[in-house]
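The block underneath contains the structure these notes are about, expressed in structure tokens.
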Amino acid sequence: MNGGPALPQIYERLLAHFGSQHWWPGDTPFEVMVGAVLTQNTAWTNVEKAILRLRERGLLDASAMLAAPIEILAESIRPAGYYNVKARRLHALCAFLAEQGALSDPYRLRTAADIPTLRQQLLAVHGIGEETADSILLYALDLPSFVVDAYTRRIFTRLGVFTGNESYAAIQARFRDQMPEDLACYNEYHALIVMLGKSICRPGPRCTLCPLRETCGHADRVSD
DNA sequence: ATCCTGGTAA
DNA sequence: TTACCGGGAT
């Protein structure tokens with residue numbers, strides 16, 4: 001049916017090699033939502049600079065951010081890139097929180113609706129696509145929605161699990177069906193995928209360093 | 001010069 | 001499907 005090694009087996013190998021990542025610990029749900037937007041096609045180190053600038057200006061709060069002029073918001077997040085686009089996206093996110101009566105407590109979204117409904121509502125917000133919606137559900141709201149990103153596609157296509165042509169929904173469904181539907185597991189798996197993707201399974205892969213090379217057909221086809 | 005925990009509008 | 005948004009790190 002579907003080729004390549006089983007998804008739980010890959011998870012165990014990555015966890016054994018990299019250890020627990022515990023992503024986004026101790027941050028407020030709103031700060032995690034902001035990070036999910038700012039990190040779109042952007043290195044996380046630059047997101048951290050932008051979040052620090054927002055905090056300095058007292059804008060790391062949904063009410064304050066909603067009230068802030070777009071121009072000020074844009075200047076604040078400049079290090080994250082795409083700052084004019086992302087300023088509008090952050091504002092749209094805050095407007096959505098206001099609509100939901102969650103401005104003072106964004107975590108309230110968690111119990112406002114079931115996961116599929118909440119996901120659809122997030123997708124309707126300007127600037128929130130599938131990956132960002134799932135990142136918010138998983139990392140800000142502690143709801144088990146598997147995050148699929150460019151690393152996921154690249155890694156599992158090289159492993160032979162995917163062809164590379166699958167839709168976002170199809171890839172997400174494979175993880176949902178083959179992995180236990182567990183919050184900590186979804187959280188950890190995506191973090192491990194990012195770790196592997198940026199350190200080893202890069203555009204120019206470093207297969208000799210890869211913890212998955214024994215079960216990956218790609219290692220034989222590249223020279224490093 | 002390439003890549004980074006994408007999404008929108010055309 | 002493609003153009004566009006963009007500063008920062010390597």
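Chain A is the first sequence line, chain B the second, and so forth, proteins listed ahead of strands; every chain is numbered from 1.
Comparing dC4(B) with dT1(C), their C1' atoms are spaced 23 Å from each other, to the whole Å. dC5(C) sits 15 Å from dC3(B) when the C1' atoms are compared, rounded to a whole Å. Separating the P atom of dT8(B) from that of dG8(C) is a span of 25 Å, rounded to the nearest Å. Across the P atoms, dG6(C) and dA10(B) are found 16 Å apart, a figure rounded to whole Å.
Below 30°, between 30° and 60°, or above 60°: for Phe175(A) and Phe162(A) the angle between ring planes is between 30° and 60°, a tilted geometry. Using bins of under 30°, 30° to 60° and over 60° for the plane-to-plane angle, the ring pair Tyr139(A)/Trp23(A) lands in the tilted bin.
In this model, the phosphate group of dG7(C) is approached by a side-chain N or O of Tyr83(A) to a distance below 4.0 Å at OP1 or OP2. At the phosphate of dC4(B), OP1 or OP2 sits under 4.0 Å from a side-chain N or O atom of Arg154(A). Look at Thr42(A) and you won't find any side-chain N or O under 4.0 angstrom from OP1 or OP2 of dT5(B). One finds a side-chain N or O of Lys49(A) lying less than 4.0 angstrom from the OP1 or OP2 phosphate oxygen of dA9(C).
When the P atom of dT5(B) is taken as reference, atom CD of Glu188(A) falls 17 Å away, rounded to whole Å.
Dense packing is recorded around CD of Glu56(A), with more than 12 heavy atoms of other residues, nucleotides or ligands lying under 6.0 Å away.
Ring-base stacking between Trp23(A) and dT5(B) is satisfied, the centre separation being under 5.5 Å and the plane angle under 30°.
Comparing His190(A) and Ile128(A) by the nucleotide of DNA chain B that holds the closest heavy atom to each, the one mapping nearer the 5' end is His190(A).
Side-chain atoms of Thr132(A) and Gln40(A) include a donor-acceptor pair closer than 3.5 Å.
A donor and an acceptor atom sit less than 3.5 Å apart, one in the side chain of Asn41(A) and one in the base of dG6(C).
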